[in-house]
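Below is one structure; the comments refer to it alone.
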Amino acid sequence: MMYARLPDSDGFVDHDGVKIHYEVYGSGGPTILLLPTWTIVHKRVWKLQIGFLARHFRVVVYDGPGNGRSDRPLTSEPYAQAAQVGYALAVLDATGTDRAVLVGLSRAVNWALELAAEHPDRVHGTITIGPSIALPPNAARSTLLDMDAPLPDLTPSAVPRLGSDPQRHWAKYNRAYWLNHYEDFAWFFFGQCFPERHSTKAIEDGVGWALETSGAVLVAESQAYRPDQATIEQWCRQVKSPLLAIHGTEDALAPLARSERLAELTGGTLAVLDGAGHIPNARDAVQVNELIAEFAGRFGRPEPRRTWPRWDRRGKRVLYLCSPIGLGHARRDLAIARQLQEQHPGVRVDWLTQHPVTRMLHDAGERVHPASRWLANESAHVESEAGEHDLHCFQALRDMDEILVNNFMVFRDVVSDERYDLVVGDEAWDVDHFLFENPELKRFAYAWMTDFVGFLPFPDGGEREALVAADHNAEMIAHVARFPRMRDRAVFVGDPDDIVDERFGADLPFIRDWTQANYTFSGYVAGFDPLSYPSPAADPDEKVCVVSVGGSGVGGDLVRRVIDAYPHAAHLVPGLRMVVVTGPRLDPAQFQVRPGLSVHGYLSDLPARLATADLAIVQGGLTTTMELTALGRPFIYVPLRHHFEQQFHVAHRLRRYGAGRRMDYADLEPEVLAEAIAAEIGRKVDYRPVPMDGARRAGALLAELL
């Protein structure tokens, strides 16, 4: 798993014999100190904030005692109020921070209030989120937290949600249960933290962080001193610096009335998030990020230069978002953009994308927006999630949440500072998701493009994978139903028959029916004109096999299998020459070169190589396989294991065109692959014709929005 941003520095402080780990990000503006909260999580609870905030401010974050990279004492003193405040001051000193904006979630609000009241010279201002402090109605709930009370029936059905019998609800919130059923308690607890629909990923994250500590640590922490109501109220009255209280109306752990009282006592401001739960920085990250940035900005954040052009000085501008996972997106998007420019001469197209797409666009003379440098690299994350020719791409997308939030915030800054008439997102998952979540940010026409619809589970993923895939699909369906005009145009790159005949999940619609009702179809978009390439020369003395594994580094294992098979294939195919193209993210020097076999990195003329090849061997990506189909070339494709798009969506489309020979990676023994090469090379194919007007049709659909 890749992080959206790595720390600029990190280290440890030792306070009263307890080692505390901290990290520092960024250097501009005032410092924001993201405080730790309850020991059941560590500093990764702030992962959706760090990337964005560190571009505008200096951010310091640390693990409290009991989790992360900090010590895990089993006595109560290191978790007490005085110790917690001491850790914060020690981290400020170690990082050279004179003053900071404090951000405290839940239990950390206790420490933030004491810091703001008793150490005002170290605090610019304070942001509190869902405070777990001794303000009413906390006293009324104190009997529910008797963690030594006898345990009732503890089956899941006996633990209803908050709002029913409170004595039974918190039955799992006791020391005995933590020690004996810790993981079950974690699932229960984070289910309460995230009452929002479609929170499967946030709950899984919370449980994962919880399992990095133990029930014994929670027991020790529970016995530590916490400030009482009188002390909290005294600190609130002492606070003279600004305070912002953020609170969700559906917070099941801390009632909204607590933040209302906190704002009243401090003279602070209250921001209510209607429908949010206890940890909105995880489920409503964009809104929380904006609130933090706006608050912290009053303490010295430099304002960017802004230019406001009058209406008659505003030329038509398009911001094009191109997925970096595979260079095929870039080829088709470039073809569409040029068709759009033909219909609107003078329109300016800016590209917001990442390496390796940026390299291809630079070579094509396109304008890459300078903010692209702030995007966290999705291709690198995908590679980090891959195994041997194995990529669980749905899980990789779910694990990419902090990268997606970071990249959406980059997009949000771009469209806030500049004016665009149209935004085009080719599988720009971050922008599509968070625009639906934050519809007020849309100030432009928006077109969404994709070549598949629906996340599909694998049988070996069991019930859990089926559940989370259906949950993801259901959220997308609900987004479109609630805000049908968010996508001014949804374009499916293909035809209705290219859509799999499957459901989004049990009790959910059929994918084809729903897509036909909500999308416009452009037909397949080829990034080149097959007629512009000459027919391959019939050379009886040489047969050329081109091997291409796309724009990411996931294809290295397939390259090795093919190279191992080359001697056997050369024996079966006289005059065989093999050209291996590793792409821009694989070093060709790591692969063995043999007589008759060459290995290359990035080749800008790859389509021409494929057009004249006697055979191609590729992964199961849609663009390359459909280009070979349009070119009428024989090819072998080997879908990545657990890559639902390649295994289901692409395979379905290729069957429809009668194209390619599918092989499973597990079957690629050198002799078997060599025999397949010998059987397929130079074979005359009879594929269904691929219409070549897709780029024109897609360009026309976008042109209407200008």
Side-chain angles (χ1 to χ4, degrees), residues 1-11 21-36 41-63 68-69 91 94-97 100-101 103 105 201-202 205 208-209 281-282 285-293 296-297 301-302 304 321 323-325 352-358 368-385 396-414 416-417 428-431 433-434 552 585:
M1 180 189 302
M2 297 291 292
Y3 293 170
R5 177 169 179 155
L6 295 176
D8 297 301
S9 62
D10 72 326
H21 183 257
Y22 67 83
E23 295 172 344
V24 181
Y25 298 81
S27 58
T31 296
I32 297 174
L33 179 65
L34 301 174
L35 292 163
V41 298
H42 48 64
K43 58 179 171 283
R44 290 282 289 159
V45 75
W46 298 111
K47 67 177 181 175
L48 303 186
Q49 282 66 59
I50 290 172
F52 165 65
L53 293 176
R55 285 194 292 109
H56 301 283
F57 306 95
R58 181 173 180 260
V59 178
V60 176
V61 62
Y62 66 96
D63 291 317
R69 296 180 63 186
V91 168
T95 57
T97 306
V101 176
V103 185
L105 166 68
K201 182 58 168 63
D205 280 345
W209 299 329
N281 52 298
V286 172
Q287 182 62 27
V288 171
N289 288 351
E290 291 190 335
L291 287 169
I292 295 174
R301 175 185 176 186
L321 315 171
S323 171
I325 303 175
L352 187 64
T353 187
Q354 306 162 37
H355 177 77
V357 173
T358 49
V368 176
H369 197 288
S372 296
R373 70 185 185 277
W374 297 115
L375 296 172
N377 195 278
E378 297 174 19
S379 293
H381 166 77
V382 167
E383 291 165 21
S384 74
E385 294 272 308
L397 180 66
R398 296 180 80 232
D399 288 341
M400 198 161 59
D401 52 354
E402 69 177 288
I403 290 175
L404 296 179
V405 171
N406 176 86
N407 292 352
F408 178 80
M409 299 306 293
V410 173
F411 165 81
R412 172 256 189 203
D413 285 353
V414 169
S416 296
D417 294 341
W429 303 105
D430 53 337
V431 170
H433 176 81
F434 289 110
S552 75
R585 294 190 62 86

side-chain contact (heavy atoms from CB on, under 4.5 Å) for Phe57 and Val101? Distances and angles first, verdict last. CA-CA 10 Å; Phe57 306 95; Val101 176; over 6 Å; no
With ring pair (Phe, Tyr, Trp, His ring centres under 6.0 Å) as the test, would you mind laying out the steps for Phe434 and Phe408 before giving the verdict? CA-CA 7 Å; Phe434 289 110; Phe408 178 80; 5.5 Å; yes
Apply salt bridge (charged side-chain N to carboxylate O under 4.0 Å, His left out) to residues Glu402 and Arg44 and explain how you reach the verdict. CA-CA 10 Å; Glu402 69 177 288; Arg44 290 282 289 159; 2.6 Å; yes
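When every heavy atom of Asp10 is checked against every heavy atom of Arg69, the shortest pair comes out as OD2-NH1, 3.5 Å. Across all non-hydrogen atoms, the minimal contact from Tyr25 to Ala54 is CB-CB, 3.6 Å. When all heavy atoms of Asn406 and Phe52 are compared, the closest pair comes out as OD1-N, 3.9 Å. The nearest pair of heavy atoms linking Leu352 to Ala371 is CD1-C, 4.0 Å. Between Pro30 and Ala296, the shortest heavy-atom distance links the atoms CG-O, 3.5 Å. Heavy-atom minimum distance, Val357 versus Pro324: CG2-CA, 3.6 Å.
Side chain of His42 to backbone of Trp209: no donor-acceptor contact under 3.5 angstrom is found.
At a cut-off of 3.5 Å, with distance as the only test, a side-chain donor of Asp413 or His56 sits close to an acceptor on the other residue.
With salt bridges taken as basic N to acidic carboxylate O contacts below 4.0 Å, one links Asp63 and Lys43.
The CG atom of Leu34 sits 6.5 Å away from atom CG of Leu53, with the distance rounded to the nearest 0.5 Å. In this structure, CG on Asp205 lies 3.5 Å from NZ on Lys47, to the nearest 0.5 angstrom. Interatomic distance, Gln49 CD to Asn281 CG, rounded to the nearest 0.5 Å: 4.5 Å. Taken from CG in Leu321 to CZ in Phe411, the straight-line distance is 6.0 Å, to the nearest 0.5 Å. Here CD1 of Ile292 is found 11.0 Å from CD of Glu290. Values are rounded to the nearest 0.5 Å. Residue Ile403 holds its CD1 atom at 8.0 Å from CD of Gln354, rounded to the nearest 0.5 Å.
For the side chain to side chain contact (heavy atoms under 4.5 Å, CB included) criterion with Arg58, the lone passing option out of Leu33, Thr95, Ile32 is Thr95.
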